[in-house]
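First the structure, in the form of structure tokens, and then the observations on it.
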Amino acid sequence: MGYRSAKLIKHNLTVLSAWIFALLFFFPIFWMVLTSFKTELQAISVPPLFIFEPTLENFTLVQERSDYMSYALNSIITSFGATILALIIAIPSAYSMAFFPGRFTKDILLWMLSTKMLPAVGVLMPIYIMADAAGLLDSRTVLVIIFAFMNLPIIMWLLFSYFKEIPKEILEAGRMDGCNTWDELKHIVLPLSWGGITSAGLLSIVLAWNEAFWSINLTAADAGTLTALVASYSSPEGLFWAKLSAVSTLACAPIIVFGWFTQKQLVQGLTFGAVK
Amino acid sequence: MTKTQLIKSLQAPSIILLFLWMIVPLSMTIYFSFMRYNLMYPEREGPAGFSNYEFFLTDPALPDAVINSLILVGSVISISVVLGLLIAILIQKTFRGRGIARVMLISPFFIMPTVNALLWKNMFMNPVYGIFAFISTTFGLPVIDWLSDLPLFSVILMLSWQWTPFAILIFMTSLQSMDQDQVEAAEIEGAGFWAKFRYLTLPHLSRSIAVVIMIQAIFHLSVFAEIFVTTAGGPGYDSTNTTFLIFSQALMQFDAGVASAGGVFAIIIANIVAFFLIKSVAKGMAV
């Protein structure tokens with residue numbers, strides 16, 4: 001066997017195994033979507049059914065039992081709202097830390113990340129009591145605030161590392177031309193790190209969208225997000241897999257599609273700007 | 001105030017807000033942990049000394065829960081890093097449909113933890129109707145009731161399915177920036193796959209690996225939804241981690257005092273882990 005054909009075989013094997021992994025990883029999602037179009041009986045059939053006559057019945061039933069749009073709206077408002085709030089707080093801070101670092105900047109950043117180590121379950125009680133006292137239980141406001149704080153440390157890290165990559169000389173040149181701090185931020189820093197800011201925002205939206213602990217424990221009917229909606233279907237009564245699949249598909253579809261479209265940006269965000 | 005001081009003051013909002021976000025609940029948790037305080041019996045309120053801690057720390061399930069937590073964090077991180085590296089390297093080759101394969105590979109990362117758990121519990125691990133059971137019977141193998149026979153492993157499997165894509169995502173991008181000239185030079189020198197992997201790829205990825213380990217540790221230390229929805233910590237305490245123990249032993253009983261003592265304990269554990277991680281891993285992240 002020649003060198004060339006050996007190389008070709010190796011290449012084909014690599015591609016084949018890549019596809020096998022891709023199919024394995026995607027199969028559960030595919031199966032969930034497929035099941036959502038089955039009847040309850042088809043959903044639990046042995047052997048599993050691949051070909052069947054699809055029905056929209058589950059989606060209709062889910063919509064009848066609970067208003068999907070209101071949960072979806074809560075998810076959108078809380079995840080986007082929290083992300084915007086966190087960005088507003090984080091951008092000036094990260095800018096200041098990146099360009100005017102002090103002796104403790106590194107320690108402060110590590111401390112910020114360590115606040116994420118506080119297990120939610122450890123502070124649920126006080127937060128619950130405070131939210132109750134402020135009349136904010138089951139409100140979108142409380143989720144926006146909590147999600148914003150939850151994501152603030154990660155956003156700070158991301159922005160800091162992006163801002164760090166902007167050469168100082170550009171800022172100095174701007175200052176020579178008479179830029180004040182605000183101009184500098186608006187006309188130099190923000191445009192140059194726009195990709196980084198969007199990716200930090202995207203990651204924060206994904207994390208807030210999928211957050212389950214706080215939304216399940218602090219909300220009920222009014223501010224319930226899609227995670228809470230899904231959890232409400234998890235009760236053990238009977239086998240409602242098709243309906244459960246339908247509600248899960250509905251809950252995950254927006255963020256998956258969002259993720260597909262933004263994966264390039266997202267990757268930048270996830271790596272703390274480590275990948276240049 | 002000079003201009004520099006002015007700019008430095010921009011740091012204040014985030015630091016102050018995060019500090020409040022940390023210190024207010026933390027001090028309330030510490031305070032409650034020394035109080036007798038059950039939401040069901042508010043009239044029995046009063047100082048409790050160390051009795052909440054005694055109650056929580058002498059819980060016979062505690063050692064199991066701590067060990068389970070560590071096994072969980074350790075296994076999911078190992079699996080996702082190893083598998084993530086392998087798949088990221090495979091997907092580095094250009095081939096037709098690579099974009100689609102890539103999207104398929106990272107999709108599980110966007111799935112909600114509750115959905116992830118329900119999906120695996122019902123459609124894969126169910127001993128009667130599940131796909132795993134179907135595969136086992138097809139090949140004449142004994143059917144495994146995953147959630148009761150291998151509860152902790154089942155949870156690890158679900159988490160790995162969700163977080164390996166995260167690792168792939170990061171390694172994939174990092175690999176794109178690898179110096180291809182160097183790789184070619186190594187190939188000309190006769191370097192095989194392992195040599196290239198050991199001396200080029202791995203050093204190049206060290207920072208991304210650090211990031212993956214760090215972020216996953218933060219998330220997996222407080223895994224809750226996956227356990228809550230699937231095994232409920234059981235059977236017995238086989239899949240109870242620290243977070244879930246606090247939930248089941250205290251919150252379910254509305255005992256804010258014991259829950260808070262458990263919370264303080266969880267915070268201490270998390271910080272010990274964080275300390276070692278930051279010491280060993282965060283260096284690679286180079287602030």
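Per chain, numbering begins at 1; letters A, B, ... match sequence-line order.
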Name the option with the most non-hydrogen atom pairs under 4.5 Å to chain A; the candidates are Phe247(B), Tyr31(B), Phe124(B).
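Heavy-atom pair counts peak at Phe124(B).
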
Picking from Ile168(B), Ile89(B), Val103(B), which has the most non-hydrogen pairs under 4.5 angstrom with chain A?
Val103(B)

Taking all heavy atoms of [X] and all of [Y], pick out the closest pair and write down the distance.
| X | Y | value |
| --- | --- | --- |
| Pro108(B) | Ile29(A) | N-CD1, 3.8 Å |
| Ser107(B) | Phe26(A) | OG-CE1, 3.8 Å |
| Val115(B) | Cys252(A) | CG2-SG, 3.8 Å |

Do [X] and [Y] have side chains that approach each other closer than 4.5 Å (heavy atoms only, starting at C-beta)?
| X | Y | result |
| --- | --- | --- |
| Leu118(B) | Trp241(A) | no |
| Phe95(B) | Leu16(A) | no |
| Leu152(A) | Trp21(B) | no |
| Pro153(A) | Leu18(B) | yes |

Heavy atoms only, distances under 4.5 angstrom: which of [options] has the most pairs with chain B? Name it, please.
| options | answer |
| --- | --- |
| Pro92(A), Gly102(A), Ser245(A) | Pro92(A) |
| Phe149(A), Phe100(A), Trp31(A) | Phe149(A) |
| Ala18(A), Pro28(A), Pro48(A) | Pro28(A) |

Could you look at [X] and say if it's the side chain, the backbone, both or neither that has a heavy atom under 4.5 Å from chain A?
| X | value |
| --- | --- |
| Leu119(B) | side chain |
| Ile87(B) | side chain |
| Arg102(B) | side chain |
| Thr230(B) | neither |
| Val128(B) | backbone |
| Ile269(B) | neither |

Measuring heavy-atom distances to chain B, does [X] have an atom under 4.5 Å in its side chain, in its backbone, in both, or in neither?
| X | value |
| --- | --- |
| Ala212(A) | side chain |
| Ile127(A) | side chain |
| Leu23(A) | both |
| Ile91(A) | neither |
| Tyr95(A) | side chain |
| Thr227(A) | both |
| Ile108(A) | side chain |

What distance separates [X] [atom1] from [Y] [atom2], expressed to the nearest 0.5 Å?
| X | Y | atom1 | atom2 | answer |
| --- | --- | --- | --- | --- |
| Ile111(B) | Ser248(A) | CD1 | OG | 8.5 Å |
| Leu207(A) | Phe219(B) | CG | CZ | 4.5 Å |
| Met112(B) | Ser75(A) | CE | OG | 5.5 Å |
| Thr29(B) | Leu124(A) | OG1 | CG | 9.5 Å |
| Ser93(A) | Ile16(B) | OG | CD1 | 9.5 Å |
| Leu10(B) | Ile89(A) | CG | CD1 | 13.0 Å |

Residues Phe25(A), Leu83(B); criterion side-chain contact (heavy atoms from CB on, under 4.5 Å); working and verdict
CA-CA 12 Å; Phe25(A) 271 90; Leu83(B) 213 54; 4.1 Å; yes

Anything under 30° is parallel, anything over 60° is perpendicular, the rest tilted; go ahead and classify Phe19(B) against Trp111(A).
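Taking Trp111(A) first and then Phe19(B), their aromatic rings sit tilted (interplane angle of 30° to 60°).
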
Quickly, which of Trp19(A), Phe27(A), Trp260(A) forms a side-chain contact (heavy atoms from CB on, under 4.5 Å) with Met104(B)? Name it, please.
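Between Met104(B) and the candidates, side-chain contact (heavy atoms from CB on, under 4.5 Å) is satisfied uniquely by Trp19(A).
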
Inspect the surroundings of CG in Leu24(A) and state if more than 12 heavy atoms from other residues, nucleotides or ligands are less than 6.0 Å away.
yes

Can you tell me if Asn210(A) uses its side chain to pair, donor with acceptor, with the backbone of Phe110(B) under 3.5 Å?
yes

Audit row: Leu244(A), Met123(B), side-chain contact (heavy atoms from CB on, under 4.5 Å) steps and yes/no:
CA-CA 11 Å; Leu244(A) 189 65; Met123(B) 283 172 246; 5.7 Å; no

